[in-house]
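Atoms considered below: every heavy atom in the structure, side chains included; atoms not considered: hydrogens, waters and symmetry mates. For reference, positions follow the sequence shown, starting with 1.
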Amino acid sequence: MNKQLMDEIVAKLQKAGATQPCHRCGASEFTVVEGFTHIYVQDAISGNVKIGGLSVPVTHVACTSCGALTAHALGAIGMLPEEDQTDDG
C-alpha cells in the first residue's frame, strides 16, 4: 500500500468522523494497517465457517499505544470503486 492510498484512507476516516480516542486505552495516536481484509458474511450460526461468498472489504487502524484494531468498511467511507458498491451491502 503506497503513502498516497494510506493518506486517502486517513482523510476519508477523518471526514467520516472516526477521530475518537482508542476504545481500549484512550490514546489518540493510530496508524493505518497496510493492506486490506474481508469479513465474510455467514448465513447461519452453525459453527461451520464458509469461506467465499458475500464479504465486507475493510481497512484496519491500529492504536499505536496498545495495538487495538478497529475495522472500517471500505464502502462506507467511499473507498470502493463505483462498480464494486451495491445496494445490498
Side-chain angles (χ1 to χ4, degrees):
M1 178 184 299
N2 63 43
K3 182 174 178 355
Q4 181 180 354
L5 182 56
M6 290 180 77
D7 289 345
E8 183 179 357
I9 291 168
V10 169
K12 297 277 189 175
L13 289 170
Q14 289 173 339
K15 183 178 178 185
T19 58
Q20 299 297 313
C22 176
H23 63 283
R24 298 292 297 165
C25 72
S28 59
E29 297 291 321
F30 294 87
T31 187
V32 175
V33 175
E34 291 190 42
F36 303 99
T37 61
H38 285 256
I39 297 175
Y40 288 97
V41 178
Q42 304 295 307
D43 58 2
I45 304 173
S46 65
N48 297 321
V49 177
K50 181 176 82 173
I51 303 297
L54 294 178
S55 68
V56 179
V58 298
T59 187
H60 298 274
V61 294
C63 173
T64 58
S65 180
C66 74
L69 291 170
T70 305
H72 297 272
L74 292 173
I77 62 170
M79 290 297 298
L80 291 180
E82 288 295 321
E83 63 271 9
D84 289 346
Q85 297 189 31
T86 62
D87 290 336
D88 62 357

Check the pair S65, C22 against side chain to side chain contact (heavy atoms under 4.5 Å, CB included), reporting the backbone distance first and the verdict last. CA-CA 9 Å; S65 180; C22 176; over 6 Å; no
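- The nearest pair of heavy atoms linking A73 to V58 is CA-CG1, 4.0 Å.
- Residue pairs meeting the side chain to side chain donor-acceptor pair (under 3.5 Å) criterion with at least one partner in residues 10-29, sequence neighbours excluded, do not occur; the list is empty.
- Here the closest heavy-atom approach between residue S55 and residue Y40 is recorded as CB-CD2, 3.6 Å.
- Partners of A62 by side-chain contact (heavy atoms from CB on, under 4.5 Å), not counting sequence neighbours, listed by chain and number: T31, V33, L69.
- Using a 4.5 Å heavy-atom cutoff, the side chains of I9 and H72 are not in contact.
- A search for side chain to side chain donor-acceptor pair (under 3.5 Å) contacts involving T37 returns H60, not counting sequence neighbours.
- Partners of P57 according to the side-chain contact (heavy atoms from CB on, under 4.5 Å) rule, which considers only residues two or more places apart in sequence or in another chain, are H38, L74, L80.
- With sequence neighbours excluded, no residue forms a side-chain contact (heavy atoms from CB on, under 4.5 Å) with A11.
- N2 is linked by a side-chain contact (heavy atoms from CB on, under 4.5 Å) to Q4, L5, counting only residues two or more places apart in sequence or in another chain.
- Of all non-hydrogen atoms in I77 and A16, the two that sit nearest each other are CG2-CB, 4.3 Å.
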